[in-house]
Participant: 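Here's a structure for you.
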Amino acid sequence: MEKRQVLDPTFAAKLIEDTLSAYPEKARKERAKHLAVNDPSGKNKVISNVKCRPGVISSRGCTYAGCKGVLVGQIKGMIPISHGPVGCGHYSWSTRRNYATGKRGLNNFVTFHFTTFYQERDVVYGGDKKLDKALDELFEMFPLAQGASVLSECPVGLIGDDIGSVARKKEKETGKWIVPYNCEGFRGVSQSLGHHIANDMWRDWIVERYEPKDLDPDWEPGPYDVVYIGDYNIGGDGWEVLKIFKAIGLRVVARFPTDPNVWDWPKAKYAKLTIVHCARSTQYFAKSMEKKYGIPYYESNFIGATDTFESLRDIANFFDDKIKENVEKFIEKWTPFVEKVKAEYRPRLEGKKVMLYVGGLRPRHVAEALEKDLGMVVIGTGYEFAHDDDYEKTYPKLGEGALIYDDVTQYELDRFVEALKPDLIGSGVKEKYVFQKMGIPFRQMHSWDYSGPYHGILGFLRLARDMDMAVNGAPWKYVKAPWKKEMEV
Ligand code: SF4
């Protein structure tokens, strides 16, 4: 392996030590396990997927956020009911840019906020009856809904409500699909458990319970059928990838949840391959399809041109020569375009230092795209809610000396940024304005800063353009008042 040093490991280790020295002893010891100086062989490991330390300002969300906000809220035909008090549904209302087609209020309910709005009496007497009534009202108001997703907020599990039995009863009465998710925020340690709960419910309540022919009598499985999971269509990401699959001759029979049609999901058990984009959030489903039906799965990366081409070649290896030839033709067709994008943006971004902090996938996927395609240098990356397997995939992809931070605290990130002065930070909205005030270019790596898509080949153009706009944008020249600059002279 080529040894590529991006930071002096001794300096990086000292930076971690100095930062930790501000904490009381117990916190220092605990947080030290979450910070490491990268060794691409994976020698320096962080611990992950454990409880946050109270009071340190973690960026994490909860199980409800992972379940409703990330996976379930995008199932456009199912009414997503935030079951509990008003807050969780309100704050997660239309904040994730998970695009979906359809007619809003007819067969698409993604951008609504539905809540059972618990009051004190619901906490005292239980909310099952209220949920029962809410389902009746909603199906009356929105008769074209395929069903409903019931997403529990904290109190529901604490007061002993039984949303599963309400869902079963209402399914019989209404003939709609009703899926109960016990994704209360007190469960687990982050968004991550919410993903797992959603995967299991999709498998048990939808894929396993129904047959494709129940819903689409003419449907027959085909030799090039695939399932695409773990792409949330942020700014249209998934649509870019679906176009590519079509161009290379694959038939996507079900997608979870890129602009999904939930009635297609039972077809997943007849596919030839499950293509996973975000492994953190959907590998559970992929693994269960492999275990039960022998369907292999492949972890793709459609961020950046190099990895998109590489993923397509890997996918083609699961199929015959026809798909392999189609992939080569696709790559041949788009290579001149990719080279043009690189020729324009790479000279403006080459060597620029980047720090990333995102959720469970992009800290490595985006890092690879920025380094391989645009020549940027990732000097730090970290995840809010990754597990050990994500970090194992990350160490070899980064240069030696890069900082690795798990569930980083706002204090730690501030100190790292102050010391390292990156040319670009890619993180979330809670971090954005802090670092912009420090005079450091910032791109939101959850919402794509209302831009995107970044997936696929056309997405690569937007990714390159946006990184250039951030790093080389004019405002950064004016961060310091002219008279202060003069005083420095
Ligand atoms: S922790 Fe509980 S109250 Fe807070 S957002 Fe999550 S479900 Fe809602």
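Atoms considered below: every heavy atom in the structure, side chains included; atoms not considered: hydrogens, waters and symmetry mates. Whatever order the structure lists them in is the order used to number ligands and atoms, beginning at 1.
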Participant: Measure from the ring center of Y391 to the ring center of Y383 and say whether it is less than 6.0 Å.
Facilitator: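 Under 6.0 Å, so yes.
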Participant: Regarding C62, does it place an N, O or S atom less than 2.8 Å from atom 2 (Fe) of ligand 1?
Facilitator: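 For C62, the answer is no, given that no N, O or S atom comes within less than 2.8 Å of atom 2 (Fe) of ligand 1.
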Participant: Distance-only, no hydrogens or angles: does the E371 side chain make a donor-acceptor pair with backbone N or O of V378 under 3.5 Å?
Facilitator: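 Checked: pair present.
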Participant: Kindly indicate whether atom 4 (Fe) of ligand 1 is approached by any protein heavy atom to under 4.0 angstrom.
Facilitator: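 Under the 4.0 Å cut-off, atom 4 (Fe) of ligand 1 has no protein heavy-atom neighbours at all.
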Participant: Using a 4.0 Å cutoff against the non-hydrogen atoms of C154, which atoms of ligand 1 qualify?
Facilitator: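 Taking each heavy atom of C154 in turn, ligand 1 has 1 (S), 2 (Fe), 3 (S), 7 (S) under 4.0 Å.
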Participant: Mind checking whether D423 and P441 have side chains closer than 4.5 Å, heavy atoms only?
Facilitator: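 The answer is no, as the side chains (C-beta and beyond) never meet within the 4.5 Å cut-off.
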Participant: Who's the nearest protein heavy-atom neighbour of atom 8 (Fe) of ligand 1, and how far?
Facilitator: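 In this structure, atom 8 (Fe) of ligand 1 has C88 SG, 2.2 Å as its nearest protein heavy atom.
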Participant: Are F285 and W202 close enough that their ring centers fall under 6.0 Å?
Facilitator: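 Centroid separation for F285 and W202: 6.0 Å or greater.
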